[in-house]
Amino acid sequence: MAIKERNHLQDIQATHDVHVIKNGLVDIPMLQLLDAQGNLLSQELDLWDEQTALRIFKSMHYIRILDERMVSAQRQGRISFYLACTGEEASVIASTAALSNADMVMTQYREQGVLAYRGYRTEQFMNQLLSNALDPNKGRQMPIHYGDKALNFMTVSSPLGTQIPQAAGYAYGQKMAGEPALTICYFGEGAASEGDFHAGLNMAAVLHCPVIFFCRNNGYAISTPAHEQFAGDGIASRGIGYGVNTIRVDGNDPLAVYLATLKAREIALTDNCPVLIEAMTYRLAAHSTSDDPASYRAKSEEQEWQLKDPIVRMQRHLQQQGWFDQTHIDEYCTTQRAEILQALKTAEIQPKTDISEIVTDVYQDIPAHLARQRDELIAHIKRHPEHYPATIMSNKD
Amino acid sequence: MAQMNLLQAINHALVTAMSADDRVMVLGEDVGHFGGVFRATSELQAKFGQARCFNTPITEQGIIGFATGLAAQGQVPVAEIQFADYIFPAFDQIVNETAKYRYRSGGQFNCGNLTIRTPYGGGIAGGHYHSQSPEAFFTHIPGIKVVIPSNPYYAKGLLLAAIRDPDPVLFMEPKRIYRAAVGEVPEDDYTLPIGRAHVVQEGADITLVAWGAQVAIIQKAAAMAKAEGISCAVIDLCSLLPWDVNTVCASVKRTGRLLINHEAPVTSGFASEIAATVQGECFLYLEAPIQRVCGLDTPFPLIHEKEYMPDEHKTLAAIKYAVHF
């Protein structure tokens with residue numbers, strides 16, 4: 001498909017009226033393939049296979065259980081902070097299922113489902129959440145800031161939207177290296193207000209980067225509802241403005257998310273271009289354990305969305321396909337619950353990172369001034385160990 | 001007078017400013033109905049309406065650019081950046097626009113009515129994205145003022161002064177003591193002068209300088225030093241740009257020694273600026289090297305937060321080193 005050069009006047013059709021494109025003229029439809037009862041709404045598509053569907057279903061359950069357990073662990077003071085994905089499991093997990101494990105994932109911070117689907121183990125989640133010495137990030141970040149090189153999951157950073165232009169750059173690198181892989185970049189509709197979103201989409205389009213921008217439009221950015229965040233037709237309408245292929249999907253419909261992402265991946269890799277997916281969903285959870293939505297949204301609104309629970313919809317679909325086994329899923333959930341609690345206990349008693357790590361990884365090699373600061377700090381702690389009872393110091397001499 | 005914590009004092013200052021002047025408007029992420037993630041803007045929307053206290057989309061560069069324009073028009077915006085760690089997308093607006101509005105137009109235009117509020121600092125298990133103390137970046141920008149209160153009384157008086165100051169002010173709030181710092185605060189309208197330090201206590205042997213939450217830390221160290229027979233003067237700097245050279249230097253001339261404490265990394269931290277100035281002004285009075293008790297030159301840690309902090313024990317050790325030098 002030839003791309004029109006829009007900065008050449010002769011390509012632009014003239015009009016002799018004052019032609020105002022009214023806000024609201026763009027009305028982007030939403031791909032939906034399962035209704036609330038799990039009925040298939042179209043017979044035209046190639047469905048997923050039983051194995052993929054069950055793996056998605058189990059991961060959704062796993063994340064629901066993990067989130068419930070960890071929110072309660074935070075309430076008990078066992079972890080300092082948590083951020084649940086409740087209600088958005090289909091968006092995150094079904095999209096991941098449509099990718100290759102070689103695809104790089106850059107997330108915001110609510111996408112633990114990606115890790116679960118790719119095989120991150122329960123003890124790995126716990127080591128990060130407990131900031132112990134087994135956490136590959138060395139206990140340097142708040143809970144839920146996961147990162148795993150082996151699973152192509154870029155370490156999470158709290159600032160919003162910063163990963164969006166990075167994803168474009170990473171994808172450009174993959175293209176230049178000839179890798180048969182792309183980058184997927186997750187973010188929320190609130191983060192899409194950041195300048196980095198606009199910079200990232202524009203650069204990805206201009207530089208033909210094989211990247212999927214996956215927006216979880218979950219209705220809220222902490223307390224701020226979507227209607228105070230943007231006035232246009234969601235986030236999808238912006239893709240059109242930047243010349244980015246765009247799909248809007250029902251984010252609580254796992255099959256629609258899966259097939260939309262498959263299609264996006266095919267387009268991105270075949271045409272070397274970005275694709276924007278806007279998943280319409282709802283943050284059933286609080287923003288984080290520091291938040292209480294009761295002060296800014298109605299219970300009735302939450303109840304309305306509970307009826308659209310993606311796990312329930314998925315179960316009904318599996319039942320219709322004859323792929324659902326209640327005993328099997330019950331056993332799975334019971335086992336996972338027990339495993340999570342056990343792993344939490346184990347991770348809690350692991351030692352914290354050694355104090356000498358306080359200066360590592362700032363640079364590849366420790367510069368002289370940091371080595372000196374480390375030595376002075378350690379000498380101070382050795383003189384006053386009573387004030388630093390929790391410090392782990394392997395070298396005591 | 002009323003008992004308030006630091007957050008309540010800030011909220012009280014905002015209510016006072018908005019009541020006194022219809023042009024005062026509060027904007028930022030979640031500051032509206034919700035009242036801000038720390039509740040500093042609680043009830044403002046209910047009291048003054050959505051047009052004067054409103055949520056913004058999540059775009060810090062947008063918030064500061066918008067507020068700069070609003071101020072240029074003659075309104076009095078108080079823009080909140082939810083965490084100082086997230087102020088950097090607005091750095092271009094602050095450095096190249098807000099700070100230079102008056103200068104570049106020869107005084108024809110200005111955005112002096114702008115106040116930027118932002119919580120900063122560690123001690124809340126927030127890791128490197130909810131703990132940073134970026135004040136020194138902003139003290140390197142001619143054209144803005146930088147103010148940091150250490151207790152509720154100063155928070156209210158200095159915030160009201162910042163809102164009414166003819167120049168743009170960055171007002172940084174030590175979030176660690178938002179609820180912990182409690183004190184008597186006048187319920188009336190009052191301002192405290194920007195650019196003037198507060199002598200918390202006089203002393204004979206060494207001058208301790210800090211701002212924000214670290215003022216309480218140097219006070220603790222001073223009390224510990226007193227038990228060992230060392231008399232410390234304690235100064236709360238209150239304003240970093242401009243800072244009160246006279247008060248600090250007068251004290252150093254009396255004590256002959258200076259210690260500066262801040263959470264931010266030591267290299268190019270604001271302590272360096274103070275040390276250089278005091279060294280120039282008080283060279284012949286100094287009896288010991290100026291001590292900097294600061295954060296390490298690393299990103300702000302999570303699991304090693306306690307060890308990283310320039311606490312009272314490190315401060316006491318540096319006091320003793322200077323006094324026995």
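Order of the sequence lines fixes the chain letters, A, B, ..., with proteins taken first and strands second; residue numbering starts at 1 for each chain. Just so you know, these numbers come straight off a predicted model, no measurement behind them.
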Measure [X] against the heavy atoms of chain B and call it side chain, backbone, both or neither at under 4.5 Å.
X	value
A:L377	side chain
A:D354	backbone
A:N132	neither
A:S157	both
A:I355	both
A:H287	neither
A:L370	side chain
A:H387	both

Tell me, side chain or backbone of [X] under 4.5 Å from chain A's heavy atoms, or both, or neither?
X	answer
B:Q82	side chain
B:D311	side chain
B:H33	side chain
B:E305	neither

Top of [options] for chain B proximity - count of heavy-atom pairs under 4.5 angstrom:
options	result
A:R140, A:Q141, A:K138	A:Q141
A:E194, A:H384, A:E228, A:R374	A:E194
A:V362, A:D361, A:I358	A:I358

> Is there a side-chain contact (heavy atoms from CB on, under 4.5 Å) between A:T360 and A:I366 once you walk through the steps?
Replying inline: CA-CA 6 Å; A:T360 60; A:I366 300 170; 4.0 Å; yes
>> Counting C-beta onward and ignoring hydrogens, is there a side-chain heavy-atom pair between A:Y146 and A:I144 closer than 4.5 Å?
In response: yes
Assess the pair [X] and [Y]: is the distance between their ring centroids shorter than 6.0 Å?
X	Y	value
B:H130	B:Y86	yes
B:F83	B:F38	yes
B:F270	B:F137	no

>> Apply salt bridge (charged side-chain N to carboxylate O under 4.0 Å, His left out) to residues A:E302 and A:K299 and explain how you reach the verdict.
In response: CA-CA 5 Å; A:E302 290 177 14; A:K299 266 269 173 279; 3.5 Å; yes
>> Under a 4.5 Å cutoff for heavy-atom pairs, which residue among B:N55, B:T59, B:I58 has the most contacts with chain A?
In response: B:I58
> Given the options B:P301, B:G62, B:G126, which has more heavy-atom pairs under 4.5 Å with chain A than any of the others?
Replying inline: B:G126
>> Keeping A:H227 on the side-chain end and A:P225 on the backbone end, is there a donor-acceptor pair under 3.5 Å?
In response: no
> Is it true that a side-chain atom of B:T41 and a backbone atom of B:G35 form a donor plus acceptor pair closer than 3.5 Å?
Replying inline: yes
>> What I want to find out is whether A:E189 reaches A:R216 closely enough, with some N-O distance under 4.0 Å, to be called a salt bridge.
In response: no
> Salt bridge check: are A:E88 and A:R283 linked by an N-O gap of less than 4.0 Å?
Replying inline: no
> In terms of ring plane angle, is the pair A:Y186 and A:F214 parallel, tilted or perpendicular, where the classes change at 30° and 60°?
Replying inline: tilted
